[in-house]
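So the structure is just underneath, and the comments pick up after that.
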Amino acid sequence: MVQKPEIQYVGQFYVYGSEAREAASRQLPRKSKYILPEIRPQQERRVYVDPVALCAMVVAVVMLAALALGAIQISESWHEYDAMERYLAELKKENSRLENEYREGFDLEEIRSTALAIGMVPMSEVKVIPVRVTVPEPEQETTPWDEIVWFLKGLFA
């Protein structure tokens with residue numbers, strides 16, 4: 001029988017320096033109990049706005065402002081209208097009071113004596129002279145139909 005050569009395991013358990021680092025990097029990383037959040041770079045978010053839509057929004061804001069101003073003006077006009085209505089009521093009261101005062105405040109006999117004193121005569125003593133006046137009838141105003149008939153007569157004459 002042939003004898004087998006004796007095998008020597010030289011260097012089987014020895015790890016050279018550069019290979020040690022590689023072996024350490026090949027090992028699976030240990031999972032810890034605590035997981036830290038990953039830091040992600042913030043991405044820019046861009047929103048596309050249609051120019052027509054932007055113009056429509058601007059017009060809507062302008063219309064809203066015009067609506068608000070119109071409402072304010074209407075409110076002020078109503079306040080002014082109410083004030084003028086109260087003023088008119090006061091003037092009507094004052095007018096009726098003064099009219100009543102003037103109607104009751106004069107004496108007809110005193111007025112008659114003053115009128116006779118300045119040379120006026122009573123109606124019964126005045127000579128009545130009848131005067132006859134003839135007033136021609138005014139021409140009738142032309143209507144649009146009359147103008148159309150006149151135009152057609154001139155056209156086909």
Side-chain angles (χ1 to χ4, degrees), residues 18-157:
S18 62
E19 291 179 5
R21 288 188 199 116
E22 288 176 9
S25 66
R26 275 187 263 143
Q27 288 180 355
L28 295 175
R30 293 185 198 173
K31 292 187 178 179
S32 67
K33 294 180 184 177
Y34 306 106
I35 299 173
L36 297 176
E38 293 181 15
I39 299 174
R40 295 181 183 169
Q42 291 189 0
Q43 297 176 351
E44 288 186 21
R45 297 186 75 191
R46 293 186 183 187
V47 178
Y48 176 74
V49 178
D50 188 23
V52 175
L54 184 63
C55 290
M57 286 188 273
V58 169
V59 168
V61 168
V62 169
M63 294 301 278
L64 180 65
L67 182 69
L69 288 176
I72 291 170
Q73 287 178 346
I74 287 174
S75 174
E76 290 175 359
S77 296
W78 274 111
H79 291 302
E80 187 176 336
Y81 174 77
D82 291 339
M84 289 296 128
E85 213 170 41
R86 286 190 297 268
Y87 180 67
L88 180 63
E90 290 174 9
L91 286 178
K92 284 183 178 180
K93 285 180 187 176
E94 180 71 17
N95 187 31
S96 64
R97 185 188 65 77
L98 289 174
E99 187 176 329
N100 189 23
E101 181 182 319
Y102 292 146
R103 286 181 191 249
E104 295 175 0
F106 58 86
D107 184 20
L108 289 176
E109 287 302 319
E110 182 182 333
I111 293 173
R112 180 171 238 233
S113 63
T114 306
L116 289 174
I118 61 171
M120 296 180 90
V121 293
M123 183 69 178
S124 59
E125 297 176 11
V126 175
K127 292 181 185 179
V128 177
I129 304 171
V131 177
R132 191 174 191 123
V133 178
T134 306
V135 178
E137 285 188 35
E139 293 182 16
Q140 290 182 345
E141 292 185 23
T142 58
T143 61
W145 178 251
D146 293 334
E147 291 179 7
I148 292 171
V149 170
W150 173 80
F151 175 74
L152 292 175
K153 281 182 182 177
L155 189 62
F156 296 112

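One is the number of the first residue; the rest follow in order along the sequence.
- Atoms CD1 and CG, from I72 and L67 in turn, are 10.0 Å apart once rounded to the nearest 0.5 Å.
- The shortest heavy-atom contact between L116 and M120 is CD2-O, 3.3 Å.
- Sorted by first and then second residue, the pairs that involve residues 98-107 and meet salt bridge (charged side-chain N to carboxylate O under 4.0 Å, His left out), not counting sequence neighbours, are R97-E101, E99-R103.
- Taken from NZ in K93 to CG in N95, the straight-line distance is 13.5 Å, to the nearest 0.5 Å.
- For S77, the side-chain hydrogen bond (donor to acceptor under 3.5 Å, both in side chains) test picks out no residue, with sequence neighbours left out.
- Partners of Y87 by side-chain hydrogen bond (donor to acceptor under 3.5 Å, both in side chains), not counting sequence neighbours: none found.
- Sorted by first then second residue, the salt bridge (charged side-chain N to carboxylate O under 4.0 Å, His left out) pairs that include residues 40-57, not counting sequence neighbours, are E44-R46.
- With hydrogens and angles disregarded, no donor-acceptor distance shorter than 3.5 Å links the side chain of S75 to the backbone of A71.
- Once rounded to the nearest 0.5 Å, the distance linking CG of L91 with CE of M84 reads 10.0 Å.
- Proximity of L64 to V62: side-chain heavy atoms (C-beta onward) are nowhere separated by under 4.5 Å.
- No more than 12 heavy atoms of other residues, nucleotides or ligands shown are found within 6.0 angstrom of CD on E80.
- The number of heavy atoms from other shown groups lying within 6.0 Å of CE (M57) is above 12.
- For Q43, the side-chain hydrogen bond (donor to acceptor under 3.5 Å, both in side chains) test picks out no residue, with sequence neighbours left out.
- Rounding to the nearest 0.5 Å places CH2 of W145 at 15.5 Å from CH2 of W150.
- Qualifying side-chain hydrogen bond (donor to acceptor under 3.5 Å, both in side chains) partners for E141, counting only residues two or more places apart in sequence or in other chains: none.
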